[in-house]
There are 2 protein chains.
Amino acid sequence: MTLQESIKQNKFKDEHHKLMLNLIYSGGLIQAEQTRFFKPYEISPQQYNVLRILRGQQTKPVSIGLLQERMLDQMSNASRLVEKLKQKALVTRNECKQDRRQMDVCITKAGLNLLEQIDAKIEAFEKRVTNLSKAEAKTLNELLDKLNT
Amino acid sequence: MTLQESIKQNKFKDEHHKLMLNLIYSGGLIQAEQTRFFKPYEISPQQYNVLRILRGQQTKPVSIGLLQERMLDQMSNASRLVEKLKQKALVTRNECKQDRRQMDVCITKAGLNLLEQIDAKIEAFEKRVTNLSKAEAKTLNELLDKLNT
DNA sequence: CAAATATATATGTATATACATATATTGTAA
DNA sequence: TTACAATATATGTATATACATATATATTTG
């Protein structure tokens, strides 16, 4: 459902104005879909983001600050996300020996297992953008990168 | 700051996968900027969305359900947004005489005044997409509409 | 060496949505 | 006419970010 169909409005001030609304709208659609996709796994898209960053670091501990830098939304509250994941035994969190202000966060085996289960299904979810060709996806990415420079 | 610069990652599985992250990222950037822009006016972007819909209806009362249909995020909780705006005296909310389940929501003079103040400044905010040409904005809109079909 | 400053994280409070339930009213069917 | 179903909205609880403050630790400065 396009932006116009969704909000039942056809006239926008100009293409730039429409673009801003369209980006908020399109990003929101994907996020809502992600939330629905992750629901059976009992984690949020943001928690998934954290787990993915931790898996990428393999066994190397990650600080709360580093996590936050790597989050898709850099204003995410990494502290709270980690606390929730700890409650679910998907991560561990320990004081860093070198700097006791810092925390060492690592993914657990359960966390890795969960990501494996999700990996098996996520392609189906990611299909939602495949009505655009690869060339069109590339164009969109280039324009978004230019927009965000 | 592009997606890659932001999350410090250059490799994506493919252009489609990158696109999904890029859309979430780009939409989030705009929303965060909107939140900052509206902060001095003491309303949220979602409350602004409600006021704009009400202004568009002029003096015609709007039901909670109709509001919700017109919201940019159709999963918005229109009830609560209206309640907050009522507390700020920016809208009125009365029982509909024809159907007492429904509420009639209207914008107040104070609400209209606030929108006028915002209108005077919002062009500066909307400039954030003008590093794309009109043709590029149009292309992006077309691709986003195709994506969301 | 101690005080001041900076850093890292946790937590408080407010708002927004996700998902669910409750309540009141209207419409429909028997 | 009444019971049932549907509709409209409000509210509860959980999670996430926005913005702020608090606490502990490390670094810097005098």
Distance, rounded to the nearest Å, where B/Gln102 contributes CD and C/dT25 contributes P: 14 Å
Residues A/Asn148 and B/Ser26: side-chain donor-acceptor under 3.5 angstrom: yes
Nearest to side-chain heavy atoms of A/Asp73, which nucleotide of C/dA8, D/dT17, C/dT11: D/dT17
Any donor-acceptor N/O pair under 3.5 Å between D/dT7 base and B/Arg101 side chain: yes
5' precedence on DNA chain D between A/Ser76 and B/Ala78 (nearest-nucleotide basis): B/Ala78
A/Arg101 with A/Glu95: basic N within carboxylate O range, under 4.0 Å: no
Smallest separation among heavy atoms of B/Tyr25 and A/Leu72, with atom names: CD1-O, 3.6 Å
Between B/Asn131 and A/Thr149: side-chain donor-acceptor atoms closer than 3.5 Å: no
Position toward the 5' end of DNA chain C (nearest nucleotide), A/Lys39 or A/Met103: A/Met103
A/Lys88/A/Glu42 salt bridge by N-O under 4.0 Å criterion: no
Pairing of A/Arg55 and A/Asp119 as salt bridge, 4.0 angstrom limit: yes
Positions of residues 54-66 of chain A (non-hydrogen atom under 4.0 Å from DNA chain C), listed by number: A/Ser63, A/Ile64, A/Gly65
Between D/dT17 (P) and A/Gln74 (CD): distance, integer Å: 12 Å
Shortest non-hydrogen separation from B/Phe37 to B/Lys121 and the atoms involved: CE1-O, 3.7 Å
Please list each protein N or O that sits under 3.5 Å from an N or O in nucleotides 13-15 of chain D, with the distance.
unit_1	atom_1	unit_2	atom_2	d
D/dT15	OP2	A/Lys84	NZ	2.9

Rounded distance (Å) that lies between atom P of D/dA8 and atom CD of B/Gln98: 14 Å
Whole angstrom value for the distance that separates P of C/dT17 from CD of A/Gln34: 18 Å
Basic-acidic side-chain contact under 4.0 Å: B/Lys138, A/Asp14: no
Spacing of B/Arg100 atom CZ relative to D/dA10 atom C1', expressed in whole Å: 16 Å
Separation of atom CE in A/Met75 from atom C1' in D/dT17, rounded to whole Å: 8 Å
Nearest to side-chain heavy atoms of A/Arg93, which nucleotide of C/dA10, C/dA8, D/dT11: C/dA10
Side chain to side chain contact (heavy atoms under 4.5 Å, CB included) evaluation trace for B/Leu144 with B/Leu23: CA-CA 10 Å; B/Leu144 289 173; B/Leu23 286 171; 3.6 Å; yes
Length of the line joining B/Gln68:CD and D/dT7:P, which is rounded to integer Å: 15 Å
Nucleotide C/dC19, atom P - distance to CD1 of A/Ile43 in whole Å: 14 Å
